[in-house]
Every structure is written in structure tokens, then in C-alpha cells.
Amino acid sequence: MKEKIVKLLEESTARCVTEGLFEVKNLPFIELEATRDAAHGDYATNVAMVIASQAKKNPRVIAQAIVGKLIDDGLLLNKVEIAGPGFINFFIREDNWRSPLKEIDRLKDRYGALDFGAGKKVQVEFVSANPTGPLHIGHARGAVTGDVIANILKASGHDVSKEYYINDVGNQMRTLGRSVYLRYLEIQGKAIEFPPDHYQGDYISELAREILSKDGDRYCGKSEDEVLPFFTAWGAGSILEGIKDDLGSFGVFFDCYFSEGELYKDDGVMKLLDRLRQQGSVYREGDTLWFRSTAFGDEKDRVVIRDTGTPTYFAADIAYHKNKFDRGFDIVIDVWGADHHGYVPRLKASIEALGGNKDALKIVLVQLVSLLRDGKPVAMSTRAGEYVTLRQVIDEVGRDAARYNFLMRRSDSQLDFDLELAKRQSNENPVYYVQYAHARIASITRMAAERGMEIPGGDEAELALLTLPEEIQLIKSVIRYPEIVEGAAKALEPHRVTFYLNELAGIFHSYYNKNRVIADDPALSRARLFLVNSVGHVLRNALGILGVSAPEKM
RNA sequence: GGGCGGUUAGCUCAGUAGGAUAGAGCGUUGGUCUCCGGAACCAAAGGUCCUGGGUUCGAGCCCCAGAUCGCCCGCCA
């Protein structure tokens, strides 16, 4: 609908220019927005005012010219008005709203699937928590955000791969292995001193017990250097399996788990740094190697090889992102905790230094979550091993409510997650509001079937019978869905889908309360069944993108 | 000290490329139940869009200065 009017406007303005009614250097992007106030029609454009400043003419005169050259051979419009300082308001002929409904019925679960991303390979990397402990609630928001961004991009035609980066190299891994090893000794009654900077959680002791019951005391009496690699590898592997299980319960699945260790094979990282050094982007100072990120807009240069000879995390990350682009991704999206924002310039700098396009890397920052219970903060301390795990959240509030709650804010705004509120099945909890709308529609369909009424196909339903203002409003809302998907995909903003769902469910509930779908008039009932069934499709498709179930009954 | 993000109704937050009279949910108050599912609906009250300048036909949105809150500023990851 929107595109059709934009097209009319483009043709009309072009005609005005050719006929010399006004002059513009280059035609502006035509902005057409759905009006808030019905008195202003269905859509409005400010294009006349935008042109006016260029053409140095009165905007209303410009508007007059554009309207005069409009050719609406498709009988789309009922009325066109010029209003206020120079808005052009479009009133759509009512029957034009109804036919797009048939599209929903025809496409069903594919309605809202777009193709503007066709041919583009996209990678979304998210979670990527170190395998040193179970996922906690902070990871949960990133997990949902990344997952839903991937779904949205898929829905808009992109070829999407979801990836989890495993930091299995470095100090933290060694600390993990040592933590397990010390607990292993401790269980056997050996005197140990457990350092405060080691992992304190109970799961460490559990891992140690598993090893003991599996392998007995065979690791005792050997040097740390000898046994630590085993404890590290076994611990990390075991924890990663747990992470995968938890993510699975949360409805999050990855296409690829990428190990940091991969990057070091065949001296990969060193070779890459040599290459950068040859082109002058990396330089040596004493025993330290620096990346010249200031040459690409960063505040200061960054160390890539310490004076101890070991590479930094950043060194591996340069190689990792090069690897991503080498794998043929056109767009690479990283979902990060907002506390990493300072890291963005240096990473983009590294892409530029390697001759890549820094805009092909998009960073989505996810703000931290404060966990509440009945409005009171829940104490969380990673060091003490005291935190609410993702597993506990799923078990307590359920997957649907948890996911939906994380999607109710834009990802870069802080979020309070209240455990009691999230599991409360009341009107304070919007998940159920939307799911209830879907269950209601399913219920209507069941009732209709009991009375021997089938949902009509698009050609059978007499859509012209849908004349009530609230019916037109419902239709307008439901056919807007593809625009929502498109906007969410371009902005990488999952919350737009959530807000849309709340609005659509609201309009439906209101309609339902005021009017009977299964009425006395069979033809009208069929038309309304068709409408309501379309709403059901859209609710289901949108909930599907969020990874939230659409129940038939509640 | 520097940087990033925020500040919109009592609370939690939207506000789509700078558009017309700034929205939603919750909460509050008052209504709707002979009827397809009341986890619903209807209505009302509620605003210095942090402050002060600027840009223009027009600013919650853009620019400058300030206030305030959070985060970051490691050869940790």
C-alpha cells in the first residue's frame, strides 16, 4: 500500500520537474508516514515542504502542483488534501484495504517473509561466554537478542549463520583447570589453599567429584604441569555441554561453535601480525608489539603481543574477524554486553587495516540486566559464585515469559527483570496478553468447526462485508506486519516486533469484545472468520520470530 | 580528567529519516458479565519531553553549553 502511493508521488514529482513547474537539483527521498490522526487521512507526506526549501517556492504551491499531476489509475485514492503548512494527505478508498488480506491467507506461515536480504550472507555471533561456569541471567538477554536478530534477518531473506565463539585459550582456562584440580585434591583429604581469584562455584567441586569417580586418584602425586591440561580440557568441555543444554532449553541453537584455538593453528595469528607489521600497522617497542589503531581513529594504540611473548585477546580477535570475512560473510554482527563498547573502535580499526569495510561489521550492544524479585534487587556476586543461572530462570518463569520479557525494551536500554512479575499469570505480564489473543482465535475456529463452519478461502469470503471501523482498523494493523519485519531487520531491533504484537493483540481483543465473529448472518460470519484467521497467522508468525510459542489453548 | 549511553505521565518504557493535538502498559478511579474463553473490554484523571541557548516553515528527535545517573578508560577476557 505504502509503496504504491510512494510510486504515484515519485511519478508525479518527476512530471512536475519535466514540465518546469518547479526546479530541484535532486529529488528527495519521499517520506510517507501513516498518520496518527484519521482526520489527516491514512498516509501523509511532507515532500512539498522538503522541496520548497530547495525550489524556493511556497510549499503549498508545490503541493498543489504535485497533487495536480497525480495519476491514480488504480483507483487507490478516495481523496487527496493539502493541509497545514504543506502536508499532502491521502485518503485510501476503503475497499483497497481488504484485498491485501487475501495475501495473508495465500502465504500463511510465509506471510511477512521478505526477500530484500536475498543473496546476502550474514553471521550473527552472540553469547560467546567463556566456558568457565554456567550461563547466568546476564547472558540470557544477549542470547535472546542474538537469536531473534537472526530470526528477523532470516525472515527478510538473508542467509544467516549463528555462531558462538569459545574463548578456550588463555589465563581463564588455566584458572578453571586449576580450580577443578584443587577441589579434586581437596575431596581426597589433601590440604590445599584455594585462591580467592579462582572459581568458587559449587559446580567446580561437582566436576572434581565426577573426575574422581571416573578416574580415581590417578592424577595425584603428579606435577601440576602434567595434569592441568587434562583438568582444563575436561572442565571446559563439560561446562560447554551444560551451556549448550541450557541454551537448548531456552530455544537457542547455534550453527557453529568456533574455537579460539583454531586461530592459533599453523601460526595463524602470528602470520597475520607479520602481515600487518610489513604494512606498518603493527610496530615493535622493546619486546612488545603494538597495533597502530590510532591511524584508524582509535584513542590509543593497542598491545597485541605482551613483553612476555604471549598474544592478547585482541590479537586473536583481529584474526577471528578476518576469518569471519574470509568465510564469505557480507555482514558480520556481534552482540556484546554494553560494557565492551570501548572495544568497538579498535576492532573496526583492525578491519580497516586489513583492507576490509568497517561498516560490514555491526555491533549490537546489550545493556546489563538487573534482577529483581518483587521489586527488590537480587544480590549477585560472580566471585562468590552467587548468581541466578539461566537454568533457574527458565525453570522458574518458563521459556516464553523469560524470552518475551527480554524483548520488551530496546537492547541498549537497561532492563529490570523481575522474577515474580515474569511468572505471574496476570495482566501485568504482556506475554499472556498476546498469547491469549492467539488462543482465543484458535478457540473461535474450534467453535466454528463444531457448528459446521469452515474457514473460507480468499475467494469465498465476502470481504466487502467487513465495513465496521474497527474491522478496517484491524485489517490495517495486520497488513502492516511486513513493514515491521523490514524495519526491525534494517535497524536490528527485535523490540519493534514485540511492540507491534502488543498493539495487534490489543486491537483484536477490543474487536472481539465488541463484535461477535460467529454471528447470525452466515456470510458475515465467514468474512469475520477469514479476518480473524488472518490475525492468527500474523500473531503466530511474529511470535515465531521471537521464539515464543503460540498456544491453541491456555 | 576523557569517552559512550541515558534523562519523556505516579512506576516501567515506546516514539519509526525533523512533522500536525507527544503515546503504550502497569498503577489509580469509575464502568462492562443472559452472548464465540473476563489471562478480556470501555472510560477518566495524569506531561516544564532534565535545564539554558541555537539551527528552520516546524525540534522529544539535529548543534552548543550545563545538570544528573549508569558504564568504560588493563600488556583481563
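Lettering follows sequence order; numbering is per chain, from 1.
Across the P atoms, B:rA44 and B:rC4 are found 44 Å apart, a figure rounded to whole Å. The separation of B:rU51 from B:rC41, taken at their C1' atoms, amounts to 42 Å, rounded to a whole angstrom. For the C1' atoms, the distance linking B:rG58 with B:rG6 amounts to 26 Å, nearest Å. B:rC50 and B:rA59 are spaced 16 Å apart, taking the C1' atom of each and rounding to whole Å. Taking atom C1' on both B:rC69 and B:rU8, the two are 16 Å apart, rounded to the nearest angstrom. Nucleotides B:rA14 and B:rC73, compared at atom C1', are 32 Å apart to the nearest Å. Of the P atoms belonging to B:rG38 and B:rA24, the separation is 24 Å, rounded to the nearest Å. On the C1' atoms, B:rG18 is 46 Å away from B:rC36, given to the nearest whole Å.
When each of B:rA14, B:rG37, B:rC57 is scored by its nearest atom to the side-chain atoms of A:Pro85, the top-ranked nucleotide is B:rC57. Nearest nucleotide to the side chain of A:Ser413, out of B:rA14, B:rG19, B:rG37: B:rA14. For A:Asp307, the side-chain atoms get nearest to B:rC75 when compared with the rest of B:rC75, B:rG37, B:rA77. Across B:rG19, B:rG37, B:rA77, the shortest atom-to-atom separation from the side chain of A:Glu33 is found for B:rG19. Minimum atom distance to the side chain of A:Lys553 is reached by B:rG37, of the listed B:rA77, B:rG5, B:rG37. Closest approach to the A:His509 side chain among B:rC41, B:rC75, B:rA14 is made by B:rC41 (side chain taken as heavy atoms from C-beta onward). Looking at the side chain of A:Glu493, the nearest of the listed nucleotides B:rG15, B:rA14, B:rA39 is B:rG15. For A:Asp339, the listed nucleotide lying nearest its side chain is B:rC71; candidates were B:rC71, B:rG37, B:rC42. Of the listed nucleotides (B:rG5, B:rC36, B:rA17), B:rA17 has the atom at the smallest distance from the side chain of A:Glu31. Nearest to the side-chain atoms of A:Ala44 among the listed nucleotides B:rA20, B:rC75, B:rC42 stands B:rA20.
In this structure, A:Lys514 reaches neither bases nor backbone, as no heavy-atom distance under 4.0 Å exists between it and the strands shown. At the heavy-atom level, A:Asp418 lies nowhere under 4.0 Å from the strands shown. Heavy atoms of A:Arg302 sit nowhere under 4.0 angstrom from any nucleic acid atom. Looking at heavy-atom distances under 4.0 Å, A:Met447 makes contact with sugar-phosphate atoms alone, never a base. Within 4.0 Å (heavy atoms only), A:Thr288 reaches at least one base atom of the nucleic acid. Across all strands, A:Asn515 comes closer than 4.0 Å to base atoms (heavy-atom distances). Using a 4.0 Å heavy-atom distance criterion, A:Gln435 is classed as making no nucleic acid contact. Among the atoms of the strands shown, none is found under 4.0 Å from any heavy atom of A:Ala39. Within 4.0 Å (heavy atoms only), A:Phe314 reaches no atom of the nucleic acid at all. Note on A:Phe499: only backbone sugar-phosphate atoms sit closer than 4.0 angstrom, heavy atoms only; bases stay farther off.
We find that CZ of A:Arg440 is positioned 5 Å from P of B:rG38, with the value rounded to whole Å. At whole-Å resolution of the value, CG in A:Leu501 and P in B:rG25 are 15 Å apart.
For RNA chain B, each stem of at least three Watson-Crick or G-U pairs (distances under 3.5 Å) is given as range with range: B:1-7 with B:67-73, B:10-13 with B:23-26, B:28-32 with B:40-44, B:50-54 with B:62-66.
For A:Thr445 (side chain) and A:Asn533 (main-chain N/O), no donor-acceptor pair under 3.5 Å exists by modelled atom type.
For A:Ser510 and B:rC42, the shortest distance from a side-chain N or O to OP1 or OP2 is below 4.0 Å. Residue A:Arg410 has no polar side-chain atom (N or O) positioned under 4.0 Å from OP1 or OP2 of B:rG6. Distances shown here put a side-chain N or O of A:Arg306 below 4.0 Å from the OP1 or OP2 atom of B:rA77.
Separating the CG atom in A:Leu474 from the CG atom in A:Leu468 is a distance of 11.0 Å, to the nearest 0.5 Å.
When all heavy atoms of A:Leu135 and A:Ala129 are compared, the pair lying nearest together is CD2-CB, 3.7 Å. Residues A:Gly86 and A:Ala48 come closest through the heavy atom pair O-CB, 3.6 Å.
Toward the 5′ end of RNA chain B lies the nearest nucleotide of A:Tyr511, the other residue of the pair A:Lys300 and A:Tyr511 mapping further downstream. Residues A:Asn513 and A:Ser443 each lie close to RNA chain B; by heavy-atom proximity, the contact nearer the 5' end of the strand is made by A:Ser443.
With a 6.0 Å radius and a threshold of 12 heavy atoms from other residues, nucleotides or ligands, A:Asp520 has its CG atom at or below the threshold.
A centroid separation of less than 6.0 Å is found between the aromatic rings of A:Phe126 and A:Phe254. With ring centers used as reference points, A:Tyr320 lies under 6.0 Å from A:Tyr165.
A donor N or O paired with an acceptor N or O is not found under 3.5 Å between the base of B:rA14 and the side-chain atoms of A:His495. Between the side chain of A:Asn46 and the base of B:rA20 there is no donor-acceptor pair of N/O atoms closer than 3.5 Å.
A cation-pi arrangement, defined by a distance under 6.0 Å to the six-membered ring centre and an angle within 45 degrees of its axis, is present between A:Lys490 and A:Phe116.
In this model, a donor atom of one side chain and an acceptor atom of the other lie less than 3.5 Å apart for A:Tyr283 and A:Asp301.
By the 5.5 angstrom centroid cut-off and the 30-degree plane limit, A:Phe87 is classified as stacked against the base of B:rA20.
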What protein N or O atoms touch nucleotides 2-4 of chain B N or O atoms at under 3.5 angstrom, if any, and at what distances?
{"unit_1": "B:rG3", "atom_1": "N2", "unit_2": "A:His341", "atom_2": "NE2", "d": "3.1"}

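Looking at heavy atoms from C-beta onward, A:Asn46 lies in side-chain contact with A:Met49 at the 4.5 angstrom threshold.
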